[in-house]
Chemist: 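Sharing a structure here in structure tokens format.
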Amino acid sequence: MIDSEALESERVKLKRDIADLRANLNRKEQCLRELEAAIAAGEDSDEAEESSNDMPTPQTKLTNDDIARYSRQLILQDFGVQGQLKLKNSSVLIVGMGGLGCPAAQYLVAAGCGHLGLIDYDEVERSNLHRQILHSEHRCGMSKAESARIALLELNSHCQIRCHSRLINSMNAMHIIRPYDVVLDCSDNVATRYLLNDACVMLRKPLVSGSALKMDGQLTVYGYGQGPCYRCIYPVPPPPEAVTNCGDGGVLGAVTGIIGAMQALEAIKVIIGLGDVMSGRLLIFDGSSFMFRNIRIRTKRPNCHVCSAQPLITELIDYEMFCGMHATDKDNPLDLLEPDQRLEVKEYHQKLQSQPHLLLDVRPPAEFEICQLPRSINVPLSEILDDSYLKRFAKQLEDKELPIVLLCRRGNDSQIAVQHIKNRFPAHSIRDLVGGLHAWTGSVDATFPIY
Ligand SMILES: Nc1ncnc2c1ncn2[C@@H]1O[C@H](COP(=O)(O)OP(=O)(O)OP(=O)(O)O)[C@@H](O)[C@H]1O
Ligand SMILES: [Zn+2]
């Protein structure tokens, strides 16, 4: 008798193993490329970075290939040969090769930007591919900057592309940004936004800033002409609990595509001096109603801590501390509960799953619909925090013998929920499933989907 479930589980496991091996191979190939590049340059990597700071010799003529390739934009009255030459001699730094950085880089390279710097500390994952359109299935596991470079050079081999596969932070930002003319903020966190703003103000570089979440996006240009900087608009960071990223809130790829493409457009306008740059104005895009609003934002704040005549901040600070948030969205597991309030997934599977118990899944309904454990009941965290779940579970909660187990995607929200319910029912056995569904897939059922 063929056990089709066991075969399926084995098949999925093999696919995962192959993906891991491929990721490892990609990493090794990348190391090899970097090493060979360093050997070819006859320098160690630090010196290689210094040399990248040298100004390239300006190009004063378009080649025949340039003329053929860029003909459709060359014939634009306001663009012309001078615009193309400015673009050819320009250098743009893109921070973040994710949903915004990919389309932005694609349009800049296609348009003939001469020098591009790409920064990203992260590696390509499957969940990136729906919107980070320069990466590919085969490059999962590879550094995002390196993966983007491969795709961009296929589009336009004349562009000089430098990869910085690392986190940009207070230690390296001035050094990395200095050689570039314009910076694009395509990152996804507040700490990096303040870092890039401050560094760009200090180095007098225009900063084209974009953001996208769910169905909405925003765009503006900071530090251009007499326009304000990010700190003029947001002198203090938002509270960490008010900030959501794409991993938690979701985003539609076409929305990041729209904002990223517009960031490329603004960078080109800044470089060429074309049209009205989006400085002192904020574009707000609502993808569901398809409304573009263009609002005036304040002018320079006279007492801005970084861009005013007497700035208080004259060198880069610790931005993660300033914002109370990390600059990476790698899992930062919470540890809120006592050991006796926690339950490992294996123990749940072996001892409790077949016993009477109440399994509450505290994820939002849209996530619950993607996948769920057998007999789990969806009670979103918001319903727990506002106590509306009490109405639904009054009866079960009266039964102190019935153990309650809470779970979520990664094991953070379930801890918050346990704390809250425990305050109301201190005598109950209420525990969270450590590591949530991710741990379930890792330790109990390899066929359970991960998102
Ligand atoms: N300080 C930083 N230095 C380098 N790269 C950064 C920094 N801050 C953010 N990034 C990069 O910016 C990109 C932002 O893009 P985006 O939010 O679309 O991707 P993501 O983090 O892969 O998304 P998801 O939340 O779905 O995992 C990410 O690739 C991230 O690694
Ligand atoms: Zn300012």
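Both ligands and their constituent atoms are indexed starting at 1 by order of listing.
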Chemist: Are any of the N/O atoms on S127, whether in the backbone or the side chain, positioned under 3.5 angstrom from an N/O atom of ligand 1?
Modeler: no
Chemist: Do the side chain of Q263 and the main chain of L184 share a donor and acceptor less than 3.5 angstrom apart?
Modeler: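 Not at all, since once roles are kept as given, no pair shorter than 3.5 Å links the two residues.
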Chemist: Tell me the angle that SG of C232 and SG of C304 form around the Zn ion (ligand 2), rounded to 10°.
Modeler: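 Taking the Zn ion (ligand 2) as the apex, the two atoms subtend 110°.
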Chemist: So is T192 polar-close to ligand 1, meaning N/O to N/O under 3.5 Å?
Modeler: yes
Chemist: Given that the side chain starts at C-beta and the backbone is N, CA, C, O, which of these parts of T328 lies under 4.0 Å from ligand 1, counting heavy atoms, or is it both or neither?
Modeler: neither
Chemist: Could you walk me through whether Y222 and Y230 pass the ring-ring contact (aromatic ring centres under 6.0 Å, His included) check?
Modeler: CA-CA 6 Å; Y222 294 116; Y230 182 68; 5.6 Å; yes
Chemist: Of the backbone atoms (N, CA, C, O) and the side-chain heavy atoms from C-beta on, which set of N245 has a member under 4.0 Å from an atom of ligand 1: side chain, backbone, both, or neither?
Modeler: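 Answer for N245: neither.
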Chemist: Applying a heavy-atom cut-off of 4.0 Å, say which part of E125 lies close to ligand 1: side chain, backbone, both or neither.
Modeler: neither
Chemist: Could you tell me if D387 and H420 have a donor-acceptor pair between their side chains, going purely by distance under 3.5 Å?
Modeler: yes
Chemist: Could you say whether the N/O atoms of I168 and ligand 1 ever approach to under 3.5 Å?
Modeler: yes
Chemist: At the 4.0 Å heavy-atom cut-off, does G101 count as touching ligand 1?
Modeler: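 No, G101 has no heavy atoms under 4.0 Å from ligand 1.
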Chemist: Do ligand 1 and V95 have nitrogen or oxygen atoms that lie under 3.5 Å from each other?
Modeler: no
Chemist: At a threshold of 2.8 Å, where the distance has to be below it, does the Zn ion (ligand 2) have an N, O or S atom of C307 nearby?
Modeler: yes
